[in-house]
Amino acid sequence: YLRERKVKVLRWELGNELNVYPLIHGQYLSPTGYADDLQLARWLVDEITPHARLAGPAVAFWPVVGEGLPFAKSFMKSGGTLLDIITWHYYPEQSFRCPVATNRAHAGELLLPSELQEVDRWAGFVENLRTQYGPSAQTWLGETGGAQCGGEPELSDRFGSSLWWVDELGRMARRGQPVVVRQTLSGGDYGLIDDKTLQPNPDYWASLLWRRLMGTKVLAVASHTPTAVQAYAHCQAGANGAVAMALVNVHPTQTIKVDLPPLGETADVYLVKADGLRAKEVALNGSLLQLTSVGMLPTLQPRQVIAPQGAGFALRLPALSYAFVVLPQANATACR
């Protein structure tokens, strides 16, 4: 249908959260049965849209228990080589709508360092399967949001979610997973846009800043700050030699001093704060982030910091805030 209409599809994915079928649909599809179906999909894609890539199995993982019903390993043994992209899903919490929960959504708990690190546990599990049974495929976090089953009201659409979101983007990039698919742009309490007002929710602004500043090349970061501050560094998007960093302070009360190395004379700081985790409005360097009167995005202006001669940059990161810091004169070899 799409080929006849000359619609170019870049990626096909067969199925969605097959390990949840028994819970949601009362039916079970075996991992080997799915692999057989995927072989048919592989032949179909190669014949009709050979430029497209095939993804799967979109297995869901929960905090603490992982898959729940084991599926991924048995499937990967049978059909891992059929895939161009290995997809998996992860939500750190479950909303009130979920009939089953391993980590019910509560304000602030999502930002505990142990909660933030949980995604690494299951990302590593999937990556190990890729290494063993589908080494030529990429691994994508194919679906994620602050809370499963539509998001949690007054949590998933508030500022506290943005601290988690920036941190998870940094973690997945650091692990080498090139794509993270957010649930959702529109729809549910975890939508980036408020469906009633069409105004951006806090996570929209975090996504926008990430996309504009953080390039696709990831750099190593050696951090000596407290565990409350998470730090990630990339080559700046579209810049030659410049470095961009994402810093997240999840400490509930403490402003933390962050020292950056002397990479140039100036740094551009995009500090984002709000009046609490449940705030719907956020401020960039003290100015409220909002659309213009005609519905356009505002200019995102950084605050420039000048380093003392020969010294690094000393930044004070307030409690429960995040910042993007661009070092335009870093002249990093990896970024040229």
Side-chain angles (χ1 to χ4, degrees), residues 95 105 107-108 110-111 144-147 150-170 180-215 229-230 232 234 236-239 244-253 255 258 266-305 315-326 328:
S95 76
L110 180 61
L111 303 179
T144 189
E152 183 72 14
E154 299 186 6
L155 289 181
S156 300
D157 59 347
R158 303 303 167 94
F159 178 67
S161 177
S162 299
L163 301 172
W164 157 79
W165 179 225
V166 173
D167 181 75
E168 184 170 274
L169 287 172
V180 173
V181 181
R182 172 61 187 250
Q183 185 84 334
T184 61
L185 175 64
S186 173
D189 292 300
Y190 43 32
L192 298 181
I193 296 172
D194 187 305
D195 290 338
K196 294 180 181 178
T197 66
L198 300 184
Q199 295 297 309
N201 281 327
D203 283 9
Y204 182 96
W205 299 112
S207 304
L208 179 65
L209 285 163
W210 180 282
R211 188 59 181 267
R212 287 193 177 180
L213 300 174
M214 303 290 280
V229 173
Q230 307 297 325
Y232 307 97
H234 293 200
Q236 186 190 4
M245 298 190 67
L247 304 171
V248 185
N249 182 5
V250 296
H251 197 284
T253 60
T255 294
V258 179
T266 62
D268 296 330
V269 178
Y270 301 78
L271 174 64
V272 182
K273 298 191 298 181
D275 293 331
L277 296 178
R278 291 183 182 267
K280 195 79 183 274
E281 295 181 332
V282 300
L284 172 63
N285 293 326
S287 298
L288 183 66
L289 282 172
Q290 57 187 346
L291 301 179
T292 67
S293 59
V294 292
M296 301 295 288
L297 290 171
T299 302
L300 303 177
Q301 290 286 3
R303 173 174 63 90
Q304 191 175 81
V305 176
L315 303 176
R316 296 182 64 80
L317 194 60
L320 300 177
S321 71
Y322 68 88
F324 292 95
V325 181
V326 176

Asks: With heavy-atom distances below 4.5 Å as the criterion, would you say the side chains of F324 and L284 are in contact?
Replies: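 Side-chain contact under 4.5 Å: no.
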Asks: Any side-chain heavy atom of L192 within less than 4.5 Å of one from N201?
Replies: no
Asks: Does any non-hydrogen side-chain atom of W165 lie less than 4.5 Å from one of V180?
Replies: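 A side-chain contact exists here, since the closest heavy-atom pair is under 4.5 Å.
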Asks: Would you name the heavy atoms of V326 and P328 that are closest together and state the gap between them?
Replies: O-CD, 3.1 Å
Asks: Closer than 3.5 angstrom, by distance alone: can the side chain of H251 be matched with the main-chain N or O of T253 as a donor-acceptor pair?
Replies: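 Between the backbone of T253 and the side chain of H251 there is a qualifying donor-acceptor contact (under 3.5 Å).
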Asks: Looking only at side chains, do S156 and D189 share a donor and an acceptor under 3.5 Å apart?
Replies: no
Asks: What distance separates L163 CG from L110 CG, expressed to the nearest 0.5 Å?
Replies: 9.0 Å
Asks: Hey, could you give me the OH/CD distance between Y322 and Q230, rounded to the nearest 0.5 Å?
Replies: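 Going from OH on Y322 over to CD on Q230, the span is 16.0 Å.
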Asks: If you define the side chain from C-beta out and look only at heavy atoms, does anything of R182 sit under 4.5 Å from Y190?
Replies: yes
Asks: Which heavy atom in V269 sits nearest to a heavy atom in N285, and how many Å separate them?
Replies: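 Closest approach of V269 to N285, heavy atoms only: O-ND2, 3.0 Å.
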Asks: Contact between E281 and L288 at the side-chain level, heavy atoms closer than 4.5 Å - yes or no?
Replies: yes
Asks: Using side-chain heavy atoms (C-beta onward) and a distance below 4.5 Å, is P318 in contact with L271?
Replies: yes
Asks: Walk me through whether L320 and L111 qualify under side-chain contact (heavy atoms from CB on, under 4.5 Å).
Replies: CA-CA 9 Å; L320 300 177; L111 303 179; 4.1 Å; yes
Asks: Under a 3.5 Å cutoff, is there a donor and acceptor pairing between the side chains of S162 and W205?
Replies: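 Checked: S162/W205 side chains show no N/O donor-acceptor pair below 3.5 Å.
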Asks: Go through V181 and Q183 one step at a time and tell me if the side-chain contact (heavy atoms from CB on, under 4.5 Å) criterion holds.
Replies: CA-CA 7 Å; V181 181; Q183 185 84 334; over 6 Å; no
Asks: Quick test of your reading: applying salt bridge (charged side-chain N to carboxylate O under 4.0 Å, His left out), list the pairs with at least one residue in residues 190-199, sequence neighbours left out, ordered by first then second residue.
Replies: D194-K280
Asks: Nearest 0.5 Å, please: how far is CD in Q301 from OH in Y270?
Replies: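 So the gap between those two atoms works out to 7.5 Å.
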Asks: So which heavy atom on V166 is nearest to which on A246, and how close?
Replies: CG1-CB, 4.1 Å
Asks: Output the distance between atom OG1 (T255) and atom CZ (R316), rounded to the nearest 0.5 Å.
Replies: 6.0 Å
Asks: For the residue pair H234 and W210, does the interplanar ring angle fall in the parallel (under 30°), tilted (30 to 60°) or perpendicular (over 60°) class?
Replies: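 Geometry flag for W210 against H234: perpendicular rings.
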Asks: Looking at every heavy atom in both L291 and L198, which two are closest together, and how far apart are they?
Replies: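 For L291 and L198, the tightest heavy-atom pair comes out as CD1-O, 4.2 Å.
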Asks: Does D268 use its side chain to pair, donor to acceptor, with the backbone of P302 at less than 3.5 Å?
Replies: no
Asks: Measuring from atom CD of Q290 to atom OG1 of T292, what distance do you get when rounded to the nearest 0.5 angstrom?
Replies: 9.5 Å
Asks: Just by distance, with hydrogens left out, do Y232 and D167 show a side-chain donor and acceptor under 3.5 Å apart?
Replies: yes
Asks: Strictly distance-based, threshold 3.5 Å: is any side-chain N or O of R278 a donor or acceptor partner for the main-chain N or O of E154?
Replies: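 Judged by distance alone, yes, a pair lies under 3.5 Å.
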Asks: Out of curiosity, L209 CG to L289 CG, how far, rounded to the nearest 0.5 Å?
Replies: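 Going from the CG atom of L209 to the CG atom of L289 covers 7.0 Å.
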Asks: Strictly distance-based, threshold 3.5 Å: is any side-chain N or O of S321 a donor or acceptor partner for the main-chain N or O of L317?
Replies: no
Asks: Can you give me the closest heavy-atom contact between P202 and D157, atom names plus distance?
Replies: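 Scanning both residues completely, I find the closest heavy atoms to be CD-O, 3.3 Å.
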Asks: How close do T144 and W164 get, heavy atom to heavy atom, and via which atoms?
Replies: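 Distance-wise, the nearest heavy atoms are OG1-CZ2, 3.7 Å.
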